[in-house]
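The next block holds one structure in the form of structure tokens; read it before the comments.
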Amino acid sequence: MNLDFSALIIPDLRSMNQRFYLLSLLPFLLSFLVLFGACNQKKAKATSVIPENQTKTDTSSRLPVSMQKATSETRPPVETPKERELPSTMSPSTVKPKVCETNFTLIAIPKKNQKIFYVSGFNPGEFKCWNEIEDYSVKVCNGSPCVLYFLDKPDPKVTTMPPNYLDEKTLLKNGIGRYENSGKVWEMKGSSMWGRKDKGFGYYNSEGGGG
């Protein structure tokens, strides 16, 4: 009996060739899978990157309309800083201190050609104020004999005692000066003549021409 073993050997050789072929394809398949996975990772990174020129406000546009309104309402308005304006009264170039503002009020006429005046706005340290008293006295007397008393008290006690018709304490505390015109010459004296020693009251004394 003759047996043919060729039928049994050939299938084994074929299966071995197929296995060898499949094993030879494995490196190519693995490299393809690696490349495919790398491409997918690059695509994922590319989609997740935000462009540089995209601002923060672009992200808010992707929010729902209700959330966009809420965020816009909660943000306080930004105010631009403004320069503080100083009132014009504080400007040193426009405000100038007034040296003297003398005002004269007649208090009493104890006798003919003798008058007593209250002076407000008087500054004894300013020579201009003394000049204003002189000018006012010359105007009041108008070249005629007269005696004028000037005080910084509006309601002094007037007496009937000559020659001043004022209490000595009043002249000592509130006297400014006395102007006397004889009809030929006039003289203005400060309150130092009554003993007043307040600052600015003691130094003044002047004489004028006729009339």
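Computed over heavy atoms, backbone and side chain alike; hydrogens, waters and symmetry mates excluded. Values in this document were obtained by computation on a predicted structure and should not be read as measured data.
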Worksheet item: Apart from Val147 itself, what residues make up its hydrophobic cluster when side-chain heavy atoms of I, L, V, M, F, W and Y under 4.5 Å apart count as a link, directly or indirectly?
Response: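 Val147 shares its hydrophobic cluster with Ile107, Ile116, Tyr118, Tyr149, Leu151, Val158, Leu166, Leu171, Met193, Trp194.
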Worksheet item: What residue pairs, at least two apart or across chains, pass disulfide bond (SG atoms under 2.5 Å apart) with a residue in residues 168-198?
Response: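 Qualifying pairs, neighbours excluded: none.
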Discussion item. Tell me which pairs pass disulfide bond (SG atoms under 2.5 Å apart) where either residue lies in residues 152-190, with sequence neighbours left out.
Written reply: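 Those involving residues 152-190 do not exist here.
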For the atom pair [atom1] ([X]) and [atom2] ([Y]), what is the distance rounded to the nearest 0.5 Å?
X      : Y      : atom1 : atom2 : value
Thr105 : Phe150 : OG1   : CZ    : 11.5 Å
Cys146 : Lys112 : SG    : NZ    : 12.5 Å
Phe122 : Thr102 : CZ    : OG1   : 8.5 Å
Asn131 : Cys100 : CG    : SG    : 9.5 Å
Ser120 : Glu101 : OG    : CD    : 9.0 Å
Leu148 : Met188 : CG    : CE    : 9.0 Å

Discussion item. Listing request: all salt bridge (charged side-chain N to carboxylate O under 4.0 Å, His left out) pairs with a residue in residues 163-175, at least two apart in sequence or in separate chains.
Written reply: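 The answer is none; no pair qualifies.
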Fill in: Partners passing ring-ring contact (aromatic ring centres under 6.0 Å, His included) against Tyr165 (at least two apart in sequence or in another chain)
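Tyr165 satisfies ring-ring contact (aromatic ring centres under 6.0 Å, His included) with no residue once adjacent residues are dropped.
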Practice prompt. Please name all residues satisfying ring-ring contact (aromatic ring centres under 6.0 Å, His included) with Tyr136, sequence neighbours left out, ordered by chain then number.
Written response: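 Counting only residues at least two positions away or on another chain, Tyr136 forms a ring-ring contact (aromatic ring centres under 6.0 Å, His included) with Phe104, Phe117.
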Looking at residues at least two apart in the chain, or sitting in another chain, which of them share a side chain to side chain donor-acceptor pair (under 3.5 Å) with [X]?
X      : result
Asp152 : Asn174, Arg196
Thr170 : none
Gln114 : none

Item to complete: Identify the two heavy atoms, one from Phe201 and one from Ser191, that lie closest to each other, and give their separation to 0.1 Å.
Response: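 That closest heavy-atom pairing would be CB-OG, 3.2 Å.
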Practice prompt. Please report the shortest heavy-atom distance between Trp130 and Pro124, naming the atom on each side.
Written response: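 The answer is NE1-O, 3.0 Å.
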Discussion item. My understanding is that only one of Ile176, Asn123, Val119 makes a side chain to side chain contact (heavy atoms under 4.5 Å, CB included) with Cys129; could you say which?
Written reply: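 Only one option passes, and that is Asn123.
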Discussion item. Between Leu106 and Val140, is there shared hydrophobic-cluster membership here, with clusters defined by ILVMFWY side-chain heavy atoms closer than 4.5 Å?
Written reply: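 Same cluster: Leu106 reaches Val140 through Ile, Leu, Val, Met, Phe, Trp or Tyr contacts under 4.5 Å.
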Item to complete: Check salt bridge (Lys or Arg N to Asp or Glu O under 4.0 Å) between Glu132 and all other residues, then give those that pass, not counting sequence neighbours.
Response: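 Glu132 satisfies salt bridge (Lys or Arg N to Asp or Glu O under 4.0 Å) with no residue once adjacent residues are dropped.
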Worksheet item: Under 3.5 Å, side chain of Ser182 to main-chain N/O of Val185, donor-acceptor pair present?
Response: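 Side chain of Ser182 to backbone of Val185, a donor-acceptor pair under 3.5 Å: yes, one is there.
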